[in-house]
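Computed over heavy atoms, backbone and side chain alike; hydrogens, waters and symmetry mates excluded. Along the sequence shown, residues carry numbers from 1.
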Amino acid sequence: MNRRAFGQLTLTGIATLPSCRERYAIPASLADQVESIRAGHLTAVELTQHYLDRITRLNPQINAIIELNSDALDIARALDASNNARGPLHGIPILLKDNIETADRMHTTAGSLALLDSKPRGDAALVTKLRAAGAVILGKTNLSEWANMRSTHSTSGWSARGGLTKNPHVLDHNPSGSSSGSAAAVCASLCSAAIGTETDGSIVSPSNACGIVGLKPTLGLIGGSGIIPITHWQDTAGPMARSVRDCALLLNVLCNRIAGLEQDHMEVAGVPIRDYTSDLSHKDLKGRRLGFLRHLNGQNEAIQKLTEVALSVLRDLGAEIIEVELPHVQEISKNRFRAMLGEYREDLDAYLASTTSEIQSIEQLISFNESHRDQEMPYFGQELLQMAAALNTPDAIAETKAARATARRLAREEGIDLILQQHRLDAFVVSTSDPADQTDLVKGHRGGRGCSTIPATAGYPHITLPMGHVGPLPANISFFSTAWTEPLLFRIADAYEQATHHRLEPKFLPSL
């Protein structure tokens, strides 16, 4: 079956499902949905059907969802039939990026046709937690194929399996990547929340392009097993939602400890279990010192104006703004990219060898793409896969390790941590990126200016949320700090969100 026929079968099959019984208005936010189900005003089946109906109606415009879970309504019925709430997300439909494994009838392909024959042996660690919390796994979202690690000229939001995801605000504009489908689905209210993954910018950049809230957490806070990798030194999943509170609610589940569930990084051992929503009661930022990174704020005039307004709001909330610079920006970027290429070969080879797919190595993946060139490479090639595959000599492996050590040291001890200490800062603030560009499949579009590289390289948390709009296109503001400061970032972001309420509803405009 070709990929176009596969997608049509997957999504149009829901058209005959029974319509939702409209006995209660469906709340938009995750937090309100949780309370409505708990109070008995809403059932899991009604909420699941509500989103299936919206997907039928709206997904053809934006192509955010690559596959639906054919068991979703049965899961919802079972939850409704249970006597007690199963967990904090009881009956809540959640969408997952298509590089997160699920042990059900759905595929996990990273958007590639090469893995359509692969059957995950189990749920990813975070999926186990979502199911234990009572979530309904609604489906998989499209992404930039192989999380944008296939070509130097790729277009964000495009995969051979899923086609092109479009920005719900302006359809011929790019949703950014690689968690393109997750961001677009949340933006278009095809779910109240979704899971994305980030190596460098893949949560925060599409959140900016689509005008939603996204959190890239500290590396190790969320277990990474069962996620198709780029590099375990930077890869992490994270929540994407309509509000800061909804992100915090979802993070509570994603990083909760479950007995017998193996954690993937030792750093998580000393972090206490907490309720991240408990830090959202502070409505001001008195005493907070925020470092403004003007040198990472770009040159877009409209973004500059929005940023100045955002800084004024933060000052009104009681924060002190100190203009600072992070050092070694270019050197961090160069070493990070070199390390990531070598680690990509190592981690992807290990992952492929663990699957049931006939594709067992990066070399076999390259050969598959060549033999399916018309479907896999109609717009761009696979230079990054080829570059990574070549780094398999002892000298190249040693160079990879050295580049990673340099990148982490410059981003951590000699970067974020140093400047925080020198200026007695709590966190950094900067616009996330410029507004979304028009999609160009011929020239490619991998994303423009951003602020994600240094916190991503350090493995430190980074939250983004709306700060305004440029015409019909949203723009976000970012806050990031040192390791394990998610409570602080949630507090800052929530105070700003409550003072501004900048989220922009999409208009599905065909073009500017």
(message) Rounded at 0.5 Å granularity, tell me how far CZ in Phe479 sits from CG in Leu215.
(response) 13.0 Å
(request) With the side chain counted from C-beta on, respond yes when Trp158 and Phe380 share a heavy-atom pair under 4.5 Å apart, and no when they do not. (result) yes
(message) The criterion is side-chain contact (heavy atoms from CB on, under 4.5 Å); which residues satisfy it with Asp347, sequence neighbours excluded?
(response) Pro229, Thr231, His232
(message) I want to check something: taking the side chain as every heavy atom from C-beta on, are Val309 and Lys305 in contact at a cut-off of under 4.5 Å?
(response) no
(request) Find the distance between CG (Leu96) and CE (Met106) and round it off to the nearest 0.5 Å. (result) 6.5 Å
(message) Testing Ile137, Leu52, Leu138 one by one against Asn69 for a side-chain contact (heavy atoms from CB on, under 4.5 Å), which residue passes?
(response) Ile137
Listing, residues 321-334 side-chain donor-acceptor contacts under 3.5 Å, not counting sequence neighbours, or none:
from   : atom 1 : to     : atom 2 : distance (Å)
Glu323 : OE1    : Arg294 : NE     : 3.1
Glu323 : OE1    : Arg294 : NH2    : 3.3
Glu323 : OE2    : Arg294 : NE     : 3.0

(request) Could you tell me which residues satisfy side-chain contact (heavy atoms from CB on, under 4.5 Å) with Ala407, sequence neighbours excluded, listed by chain and number? (result) Asn335, Arg336, Thr457
(message) For the backbone of Gln438 and the side chain of Asn174, can you confirm whether one donor and one acceptor N or O come within less than 3.5 Å of each other?
(response) no
(message) Once salt bridge (charged side-chain N to carboxylate O under 4.0 Å, His left out) is applied, do any residues pair with Arg131, and if so which ones, sequence neighbours excluded?
(response) Asp104, Asp123
(request) Establish, from distance only, whether the side-chain atoms of Gln234 and Thr199 form a donor-acceptor pair under 3.5 Å. (result) no
(message) For Ser29, is there any backbone N or O sitting under 3.5 Å from a side-chain donor or acceptor partner on Arg242?
(response) no
(message) Between Ser452 and His462, is there a side-chain donor-acceptor contact under 3.5 Å, judged purely by atom types and distance?
(response) no
(message) Is it the case that the side chains of Asn297 and Gln304 hold a donor-acceptor pair, with the cut-off being a distance below 3.5 Å and no angle test?
(response) yes
(request) For the residue pair Thr439 and Thr155, establish whether any side-chain heavy-atom pair is separated by less than 4.5 Å. (result) yes
(message) Tell me every residue that passes side-chain contact (heavy atoms from CB on, under 4.5 Å) with Asp316, counting only those two or more places apart in sequence or in another chain.
(response) Ser312
(message) Side chains of Thr432 and Asn208: any donor to acceptor distance under 3.5 Å?
(response) no
(message) Please check if the number of heavy atoms outside Arg424 that lie under 6.0 Å from its CZ is greater than 12.
(response) no
(request) Verify whether one side chain among Asn252 and Asp275 offers a donor that lies under 3.5 Å from an acceptor in the other. (result) yes
(message) If I take atom CD1 from residue Ile100 and atom CG from residue Leu143, how far apart are they, to the nearest 0.5 angstrom?
(response) 9.5 Å
(message) Can you confirm whether Tyr460 sits close enough to Asp417 that some side-chain heavy atom of one is under 4.5 Å from a side-chain heavy atom of the other?
(response) yes
(request) For the residue pair Arg338 and Thr406, confirm or rule out a side-chain donor-acceptor distance under 3.5 Å. (result) no
(message) Using the salt bridge (charged side-chain N to carboxylate O under 4.0 Å, His left out) criterion, which residues pair with Asp426? Sequence neighbours excluded.
(response) Arg288
(message) Please check: side-chain N/O of Asn142 versus main-chain N/O of Gly163, any donor-acceptor pairing under 3.5 Å?
(response) yes
(request) Run the numbers on Phe428 and Leu290 for side-chain contact (heavy atoms from CB on, under 4.5 Å), then give the verdict. (result) CA-CA 5 Å; Phe428 298 100; Leu290 304 178; over 6 Å; no
(message) Once salt bridge (charged side-chain N to carboxylate O under 4.0 Å, His left out) is applied, what residue pairs with a partner in residues 494-504 remain, sequence neighbours excluded?
(response) Arg503-Glu505
(request) Applying salt bridge (charged side-chain N to carboxylate O under 4.0 Å, His left out), name anything that partners Glu35, two or more places apart in sequence or on another chain. (result) Arg38
(request) Answer yes or no: is there a donor N or O on one side and an acceptor on the other, between the side chain of Glu486 and the main chain of Thr218, under 3.5 Å? (result) yes
(message) For a 4.5 angstrom cut-off between non-hydrogen side-chain atoms, does His169 reach Leu509?
(response) no
(request) Check side-chain contact (heavy atoms from CB on, under 4.5 Å) between Thr152 and all other residues, then give those that pass, not counting sequence neighbours. (result) Glu383, Leu384
(request) Report, as yes or no, whether the 6.0 Å neighbourhood of atom NZ on Lys283 holds more than 12 heavy atoms from other residues, nucleotides or ligands. (result) yes
Pair up each side-chain donor or acceptor in residues 467-477 with any protein partner under 3.5 Å, not counting sequence neighbours, and list the distances.
from   : atom 1 : to     : atom 2 : distance (Å)
His469 : ND1    : Gly471 : O      : 2.7
Asn476 : ND2    : Ser207 : O      : 3.4
Asn476 : ND2    : Ile212 : O      : 2.9
Asn476 : ND2    : Thr464 : OG1    : 3.0

Output a table of donor-acceptor pairs, distance under 3.5 Å, between side-chain atoms of residues 177-188 and any protein atom two or more places apart or on a different chain; print 'none' if there are none.
from   : atom 1 : to     : atom 2 : distance (Å)
Ser178 : OG     : Lys97  : NZ     : 2.7
Ser178 : OG     : Ser202 : OG     : 3.1
Ser179 : OG     : Lys97  : NZ     : 3.0
Ser179 : OG     : Thr197 : N      : 3.1
Ser179 : OG     : Thr197 : O      : 2.9
Ser179 : OG     : Ser202 : O      : 2.9
Ser180 : OG     : Gly157 : N      : 3.3
Ser180 : OG     : Ser176 : O      : 2.6
Ser182 : OG     : Thr141 : OG1    : 2.9
Ser182 : OG     : Ile195 : O      : 3.0

(request) Classify the side-chain pair Asn63/Thr165 by whether it contains a donor and acceptor separated by less than 3.5 Å. (result) no
(message) Please report the interatomic distance SG(Cys247) to OH(Tyr276), rounded to the nearest 0.5 Å.
(response) 13.0 Å
(request) Answer yes or no: is there a side-chain heavy-atom contact under 4.5 Å between Trp146 and Asn99? (result) no
(message) Quiz question: by atom type and distance under 3.5 Å, do the side chains of Thr236 and Glu198 form a donor-acceptor pair?
(response) no
(request) Could you pull out all residues at least two apart from Arg491 that satisfy salt bridge (charged side-chain N to carboxylate O under 4.0 Å, His left out)? (result) Asp279
